[in-house]
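No hydrogens, no waters, no symmetry mates; every other heavy atom, side chains included, goes into these values. All chains are named by letter (A, B, ...) in the order of the sequence lines, taking the proteins before the strands, and each is independently numbered beginning at 1.
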Amino acid sequence: MLDFLGDLRRTHMCGVLRASNAGQKVVLMGWVNRRRDHGNLLFIDLRDRTGVTQVVFNTDRDQAIHEKAGALRNEYVIAVSGTVKLRDANTINPNMPTGEVELAVDELRILNESKLPPFLPSDTALTNEETRLKYRYIDLRRDVMQFNIAMRHKVAKAIRDYLSAQGFFEIETPFMTRSTPEGARDYLVPSRVQPGTFYALPQSPQLFKQILMISGFDRYFQIVRCFRDEDLRADRQPEFTQIDLEMSYPQAERVWEVVEGFLTAAFAAAGNEIKTPFPRMDYDEAIRLYGIDKPDLRLPAFTDVRDCFTPENLQELAINANLPVIAIRTPKVGELSRKERDDIKPMFHAKGGARVYEDFKRIGNKYPDAAAAIAKKSAIEDGDLIVLVAGSAQAGPQTAMPAHRKVTPAELAIYGSAGLLRLALAQKYAEKHGIFKKTGDAAKDYRFLWVTNFPMFEWDEGEKQWMAAHHPFTSPHDEDMGLLEEGVESVKDPQSTLSAVRALAYDVVLNGTELGSGSIRIHRQDIQSKIFRALGMTEEEAKSRFGFFLEALEYGTPPHGGIALGLDRIVMILAGAESLREVIPFPKTARAVDLMVDAPTPVGEKQLKELGISVKKLG
RNA sequence: GGGGACGUAGUUCAGUUGGUUAGAACGCUGCCCUGUCACGGCAGAGGCCGCGGGUUCGAGUCCCGUCGUCCCCGCCA
């Protein structure tokens, strides 16, 4: 027999009562978290989003209420009114914030029962994710999920408040928009009114926010859902939330200041202090020092130890002397067994002639002088592991494409392979060197970095042409306009000067994760046309894809630029979570399925017919 | 599209070289218990071993297929 809520009014949340509340009459409402039945004495831990309070029923106080409470089971929803009592000294629970008090009940209303849930929110052991996602409403009752979602709110609010205070307007842009075939696959929405045509869900509000600058809003931001129909990963969902912003008349540094400002506010909201300004690094330097464009600064950089060997040494080792010899130092790994050292080679994914050479210990036995020089140059300490990556002499010097870049493709192969191995080694020995901890002080070692001056174009080996590395609205570096001019007709030529054009693009990186990406945009129609031409697009093609935007550019577009950061990833890192699913209330599985609502589903023929769509049954 | 791991009670897991009736813990049900807080004690219920096929006298275990979840590569301007 269930009770109605009636006019009973909640006075306190379950997690807030303290010794100072003793003697007060209060009304609490929540879920039965745990029940401890001692016969004539019954304890209920009552839970809401703020925490848990112990509620006591005993026959001495009220026989009838005690009897009613006997029917309570886990996850029943109840209201209790009563008096806050100080606990006796010997019954205080120091492990809970409300552990000095308990509630002596005058009235119990059972507001709802619960079926036996597949798992209990109070369980410490984690249920498998499939069950958690199917019963997400129960999973979200767990304190960790409550904490993560609450943190998400606080972080978003801190960012919203900061940007508002800096003069940014929060402006909405359409979810039903135009498909642009570049980049990620679009999610499409069929139009009923215009049969055979489709809207696309935005991969980002890129062109709208640029148009808002053309429209004179000066500073725009939006915490906005974006959609990409690509395969998922632990850190990639098909719909995700971006902190998207754009501003007029900025240098890149002005954008960075804004980002550093709101990240400081966001991290403070989660109880963390971070230092600004963030260090900055050219793309080329990131590749040379870390072999990746999103370096994790918690790990040591590479050392080029080519000069530690004599030419004869290099020849004996079949190392290409024209390419760097990378020493990867992984700290505090300790003495490795023969087998552990053998296991390193299979972790290595060679690109274009790169080879992993004998580890430091083996080199040291054969070439003691070289080993001593390497140890000195790479500042090795006791227990550090050194692994060498170099170009294979057999594979040749690979000078087919010297190009105009500072890092040649042959070098890139070495750096890139070494970069992957560096991370694999760090991951493998993470426990020993204590770097990738998800909890405690080590988890709060936040190393931010701006990576700047990305190449404007990247050679696409499949298409045999240069493609936009960031997106085609990114401004080339002022100083590189000549190179663009020179290369504008040579999109199919791997030797084109396009390879040397730098973009005014920047990524903000945190501990090896790309948090966000932005650029100063092109605001002049003449430069925009050149970029499209350099990308091999005819005027007609450009017009049919982006005509509205190119036209808008011609009506007095101010210089502008901006950035977008992944809110989910920021919260994931702050929460110490391994997956975005831990910070998104209703996420999708690796096959992009929502297990709770069971989406996507087939739809009826009538619905399809209205949309002018016919689907042949598969199989 | 490719590679890998996993799937046994409501939940987390164990299950030997293929061999009688598939186990444990938690949870659940009933009884007992007035100071517990992961309460305790006694008793009990609960299994399409993901699904389908095959090998075998005999399959949770071996083989093939399939479905699902997770991780990675490709992909993500």
How many whole angstroms separate atom [atom1] of [X] from atom [atom2] of [N]?
X: A:Phe119; N: B:rU11; atom1: CZ; atom2: P; value: 10 Å
X: A:Asp229; N: B:rC75; atom1: CG; atom2: P; value: 16 Å
X: A:Arg132; N: B:rU11; atom1: CZ; atom2: P; value: 14 Å
X: A:Ile44; N: B:rC39; atom1: CD1; atom2: P; value: 11 Å
X: A:Glu130; N: B:rU11; atom1: CD; atom2: P; value: 10 Å
X: A:Leu423; N: B:rC72; atom1: CG; atom2: P; value: 13 Å
X: A:Glu100; N: B:rC37; atom1: CD; atom2: P; value: 18 Å
X: A:Gln237; N: B:rC70; atom1: CD; atom2: P; value: 9 Å

Find the partner of [N]: check Watson-Crick (N1-N3 plus N6-O4 or O6-N4) and G-U wobble (N1-O2, O6-N3) distances, both under 3.5 Å, and reply none if neither fits.
N: B:rU66; answer: B:rG50
N: B:rC37; answer: none
N: B:rG44; answer: B:rC28
N: B:rU21; answer: none

Pairwise [atom1] distance, [M] and [N] [rounded to whole Å]:
N: B:rC26; M: B:rU21; atom1: C1'; answer: 24 Å
N: B:rC64; M: B:rA22; atom1: P; answer: 28 Å
N: B:rU61; M: B:rG19; atom1: P; answer: 11 Å
N: B:rC13; M: B:rC70; atom1: P; answer: 15 Å
N: B:rG41; M: B:rU36; atom1: C1'; answer: 15 Å
N: B:rU55; M: B:rU11; atom1: C1'; answer: 35 Å
N: B:rA59; M: B:rG54; atom1: C1'; answer: 11 Å
N: B:rU20; M: B:rG58; atom1: C1'; answer: 11 Å

OP1 or OP2 of [N] versus the side-chain N and O atoms of [X]: is any pair under 4.0 Å?
X: A:Arg34; N: B:rC39; answer: yes
X: A:Arg36; N: B:rC39; answer: yes
X: A:Asn128; N: B:rU12; answer: yes
X: A:Arg233; N: B:rC73; answer: yes
X: A:Arg185; N: B:rC75; answer: no
X: A:Arg581; N: B:rC71; answer: yes

If only side-chain N and O atoms count, and only distance matters, is there a donor-acceptor pair under 3.5 Å linking [Y] with [X]?
X: A:Arg61; Y: A:Thr59; answer: no
X: A:Asp186; Y: A:Gln203; answer: yes
X: A:Ser114; Y: A:Asn74; answer: no

Atom pair [atom1] ([X]) and [atom2] ([Y]), whose distance is rounded to the nearest 0.5 Å:
X: A:Phe473; Y: A:Leu553; atom1: CZ; atom2: CG; value: 8.5 Å
X: A:Leu126; Y: A:Asn128; atom1: CG; atom2: CG; value: 9.0 Å
X: A:Asp594; Y: A:Thr589; atom1: CG; atom2: OG1; value: 8.5 Å

Would you kindly compare A:Met467 and A:Asp231 by the position of their nearest RNA chain B nucleotide and give the one closer to the 5′ end?
->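 Its nearest nucleotide being more 5', the pick is A:Asp231.
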First of A:Asp45 and A:Asn74 reached from the 5' end of RNA chain B, by closest nucleotide =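 It is A:Asn74 whose nearest nucleotide is closer to the 5' end.
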Classify the nucleic acid contact of A:Leu126 as base, sugar-phosphate or nothing, counting any heavy atom under 4.0 Å across all strands shown.
-> sugar-phosphate
Aromatic contact, [X] with [Y] (centres under 6.0 Å):
X: A:Phe175; Y: A:Phe227; result: yes
X: A:Tyr506; Y: A:Phe454; result: no
X: A:Phe546; Y: A:Phe532; result: yes

Below 3.5 Å, does any donor atom in the side chain of A:Arg591 face an acceptor in the base of B:rC70, or the other way round?
-> no
Is there a donor and acceptor pair closer than 3.5 Å between the side chain of A:Arg236 and the base of B:rC76?
->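 Between B:rC76 and A:Arg236, which were checked side chain against base, a qualifying N/O pair under 3.5 Å is present.
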List the protein contact pattern of nucleotides 29-35 of chain B with one symbol per nucleotide (5' to 3'): B for base contact, S for sugar-phosphate-only contact, - for none; contact means a heavy-atom distance under 4.0 Å.
-> SS--BBB
Name all pairs fulfilling the salt bridge (Lys or Arg N to Asp or Glu O under 4.0 Å) condition that reach into residues 87-96 of chain A, sequence neighbours left out, sorted by first residue then second.
-> A:Arg87-A:Glu102
Would you mind telling me which of B:rU69, B:rC76, B:rU12 lies closest to the side-chain atoms of A:Thr589?
-> B:rU69
